[in-house]
> 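Structure below; questions to follow.
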Amino acid sequence: MRLSKMSQGITKSPTFAVEAKAAAMRAQGVHVIPFGAGEPDFDTPEHIRDAAKASIDAGHTRYTATAGIVELRQAVVDSVQKRHGLTYKPNNVIVSCGAKHSLFNAFLALVGPGDEVIVPAPYWVSYPDQVRVAGAVPVVVDTSLSGFKLTAAAFEAAITPNTRVLILNSPSNPTGATYTRDELAAIAEVAVRHDLVVVSDEIYDRLLYTGEQAVSIATLGDAIRERTLIVNGVSKTYAMTGWRIGWAVGNAELIDAMNRIQGHSTSNPCSVSQRAALAALTGPDEPVQAMIDAFRARGQRMAERLCSLPHVSCAVPTGAFYCFPNVAPYIGIEFEGRQIANSYDLADVILEQAHVAVVAGGAFGCDNFMRLSYATSIAQIEDGMDRIERLFAKMLK
Ligand code: PMP
Ligand code: GLU
């Protein structure tokens, strides 16, 4: 079949590809440890599930406004006000089918052929391909030598007359790194001076383990606030990946453009999920706190186990739920007659031989690394790390 050039330039989502392989192995009865796609292992809290059930009986089963019900947009406004002290109105908010969809709408609204988007690497897997769908060019800037964070100098060096947008993700998937206020202020200064838009993916902003509160770049002055689009959602914070609710908050003109795009694609996100998200944002916070505490302990333990592997280094993650160790000595070697040429080969060997699903660092633009999600129980973390330890011992023998 003759397919569009655009579709041929897009890769399969590598996170979901790993999950598909792991699922096929599980269907054969293999116990695969799930360090692959990042999704909380917790159930959606009960009060949220109850609100969704009640909403069906209350008849909230029809189309809603394309941008989402006004109650939910107001709840998003309230949460941004409470967390960051920023004042917005419901017309500054659009609710979409997951934060992934919010980002997709944003790139479609902001860039097109001839435009460039700066993407710090390691990046979340979908950014470059979403930029390509919009017809623009992702300009990848390596941050592996600066603590996995884009410096203002590296940012400025990557800017050309075609640059339109910077995508930032703090806390970061895949590295768990979190930007400080000063680091963000330096980046904001460059963005304002070059008249760029910042798409700030803050989906992990509640999952910060330092005891501090995550800083949004939008809080660092009126000029940067006006050109920042904050993206967030319920998937990670409330263990609601399957409900598909995310949102974007920012300049009303940009939100309106995204609304027009969404009005011709998905229309509103699922009405029942919107009610569930409303309950999440307005209900008790204890379940979230309990999950944050569990993630903190899991991340520390996984990083500890990774650092004890020969020739592996790994920073203790400050946020999100991923470890991103450097596994370079295990790449470029031969193991049992098989050439391990890159991180994808290494991830395959780990899945096939140790039955542990991990995502290759190459999928995030850094081939000497791999990503392990610790959104799973301590028991699974110990089991998975035991398996990797045994495999790695054989590999470097
Ligand atoms: N941004 C980042 C950095 C993520 O890790 C994810 C997780 N899938 C998303 C956005 C999208 O989340 P969702 O579409 O489930 O809201
Ligand atoms: N964000 C998760 C991850 O990075 C889920 C998969 C995805 O949305 O691509 O693994």
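Both ligands and their constituent atoms are indexed starting at 1 by order of listing.
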> Verify the distance criterion only: is there a donor paired with an acceptor across the side chains of R371 and N173 at less than 3.5 Å?
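Present: a donor and an acceptor within the cut-off.
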
> Evaluate whether atom CZ of R338 has more than 12 neighbouring non-hydrogen atoms of other residues, nucleotides or ligands under 6.0 angstrom away.
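Buried by this count: over 12 neighbours within 6.0 Å.
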
> Say whether S4 and S7, considering side chains only, have a donor N or O and an acceptor N or O under 3.5 Å apart.
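The answer is yes; a qualifying pair exists.
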
> May I ask you to identify, for E19, whether its side chain, its backbone, both or neither come under 4.0 Å of ligand 2 on a heavy-atom basis?
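It is neither; nothing of E19 touches ligand 2.
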
> So, T178 versus T318: side-chain donor-acceptor pair below 3.5 Å or not?
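Yes, because at least one side-chain N or O of T178 sits under 3.5 Å from a partner of the opposite role on T318.
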
> For atom 16 (O) of ligand 1, which candidate among S172, A99, G246, A320 holds the nearest heavy atom?
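Result: the heavy atom closest to atom 16 (O) of ligand 1 is in A99.
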
> Report the part of H101 (side chain from C-beta onward, or backbone N, CA, C, O) that has a heavy atom under 4.0 Å from ligand 1; answer both or neither where that applies.
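Answer for H101: neither.
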
> If the cut-off is 4.0 Å to any non-hydrogen atom of N173, which atoms of ligand 1 fall inside it?
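It comes down to these atoms of ligand 1: 3 (C), 4 (C), 5 (O).
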
> Check the pair Y204, Y322 against ring pair (Phe, Tyr, Trp, His ring centres under 6.0 Å), reporting the backbone distance first and the verdict last.
CA-CA 11 Å; Y204 296 100; Y322 308 100; 5.7 Å; yes

> Is the contact between Y123 and ligand 1 made by the side chain, the backbone, both, or neither, using heavy atoms and a 4.0 Å cut-off?
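Within the 4.0 Å criterion, Y123 makes no contact with ligand 1.
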
> Can you tell me the protein heavy atom closest to atom 3 (C) of ligand 1 and the distance?
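Protein heavy atom with the smallest distance to atom 3 (C) of ligand 1: D201 OD2, 3.3 Å.
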
> Below a 4.0 angstrom heavy-atom separation, can you tell me which part of R244, side chain or backbone, both or neither, approaches ligand 1?
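Near ligand 1, R244 shows its side chain, while the N, CA, C and O stay back.
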
> Using distance alone, determine whether G38 and ligand 2 share an N or O pair under 3.5 Å.
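Yes; the residue has a nitrogen or oxygen that sits under 3.5 Å from a nitrogen or oxygen of the ligand.
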
> Is it the side chain, the backbone, both or neither of S235 that has a heavy atom closer than 4.0 Å to ligand 1?
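The part of S235 near ligand 1 is the side chain, not the backbone.
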
> Look at ligand 1 and say whether I203 reaches it with a heavy atom at a distance under 4.0 Å.
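I203: in contact with ligand 1 (<4.0 Å).
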
> Taking C-beta and beyond as the side chain, do P174 and V359 meet within less than 4.5 Å on heavy atoms?
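A side-chain contact is absent here, since even the closest heavy-atom pair is not under 4.5 Å.
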
> Check for me whether R225 meets the cation-pi criterion with Y88, that is, NZ or CZ under 6.0 Å from the six-membered ring centre and within 45 degrees of the ring axis.
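Satisfied, under 6.0 Å and within 45°.
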
> Please check if any side-chain donor atom of S96 sits under 3.5 Å from a side-chain acceptor atom of W247, or the reverse.
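No, no side-chain donor-acceptor pair sits under 3.5 Å.
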
> Using heavy atoms and a threshold below 4.0 Å, how should the contact between N173 and ligand 2 be classified: side chain, backbone, both, or neither?
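Just the side chain.
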
> Any idea which protein heavy atom is nearest atom 6 (C) of ligand 1, and the distance to it?
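I find the closest protein heavy atom is W124 CZ2, 3.5 Å.
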
> I need the atoms of ligand 1 closer than 4.0 Å to a non-hydrogen atom of N169, numbered in the order shown.
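This gives 3 (C) as the contact atoms.
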
> Is L103 linked to L110 within one hydrophobic cluster, defined over Ile, Leu, Val, Met, Phe, Trp and Tyr using a side-chain heavy-atom separation of less than 4.5 Å?
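Same hydrophobic cluster.
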
> Side chain or backbone, does K100 bring an N or O within less than 3.5 Å of an N or O on ligand 1?
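Looking only at distances, the answer is yes, because the N/O contact criterion of under 3.5 Å is met.
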
> Before accepting this row, confirm whether a basic side-chain N of the pair E202/R83 lies closer than 4.0 Å to the acidic partner's carboxylate O.
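Between R83 and E202 there is no salt bridge, as every charged N stays at least 4.0 Å from the carboxylate O atoms.
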
> Would you mind running through ligand 2 and noting each atom that sits below 4.0 Å from a heavy atom of S13?
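Per the distance check, 9 (O).
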
> Who's the nearest protein heavy-atom neighbour of atom 8 (N) of ligand 1, and how far?
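Answer for atom 8 (N) of ligand 1: K236 NZ, 3.2 Å.
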
> Just jot down the ligand 2 atoms closer than 4.0 angstrom to any heavy atom of T15, in number order.
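Those of ligand 2 that fall under 4.0 Å from T15 are 3 (C), 4 (O), 6 (C), 7 (C), 9 (O), 10 (O).
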
> Starting from atom 1 (N) of ligand 2, locate the nearest protein heavy atom and write down its residue, its atom name and how far away it is, to 0.1 Å.
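Sorting protein heavy atoms by distance from atom 1 (N) of ligand 2 puts K236 NZ, 3.1 Å first.
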
> Just which atoms of ligand 1 are under 4.0 Å from any heavy atom in G98?
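Those atoms are 14 (O), 16 (O).
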
> With no hydrogens and no angle check, just 3.5 Å: does a side-chain donor-acceptor pair link D182 and T180?
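Their side chains do not contain a donor-acceptor pair, so the 3.5 Å distance test is not met.
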
> Does a side chain donor of either Q81 or T87 reach within less than 3.5 Å of an acceptor in the other side chain?
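Yes, T87 and Q81 have a side-chain donor paired with an acceptor closer than 3.5 Å.
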
> Between the side chains of D129 and T11, does any donor sit under 3.5 Å from an acceptor?
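Looking only at side-chain atoms, T11 and D129 do form a donor-acceptor pair, the distance falling under 3.5 Å.
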
> Under a 4.0 Å N-O cut-off, is there an ion pair linking R227 with D195?
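Result for this pair is yes, salt bridge flagged.
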
> Which is it for Y322 and ligand 2 at heavy atoms under 4.0 Å: side chain, backbone, both or neither?
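Side chain only.
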
> Return a yes/no value for Y127: is any of its N or O atoms, backbone included, closer than 3.5 angstrom to an N or O of ligand 1?
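It does not: no N or O of Y127 is found under 3.5 Å from an N or O of ligand 1.
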
> Considering only heavy atoms, does E39 approach ligand 2 within less than 4.0 Å through its side chain, its backbone, both, or neither?
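Looking at E39 and ligand 2, no heavy atom falls under 4.0 Å.
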
> Considering non-hydrogen atoms of the protein only, which is the closest contact for atom 8 (O) of ligand 2, and what is the distance?
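Of the protein heavy atoms, K100 NZ, 3.2 Å lies nearest.
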
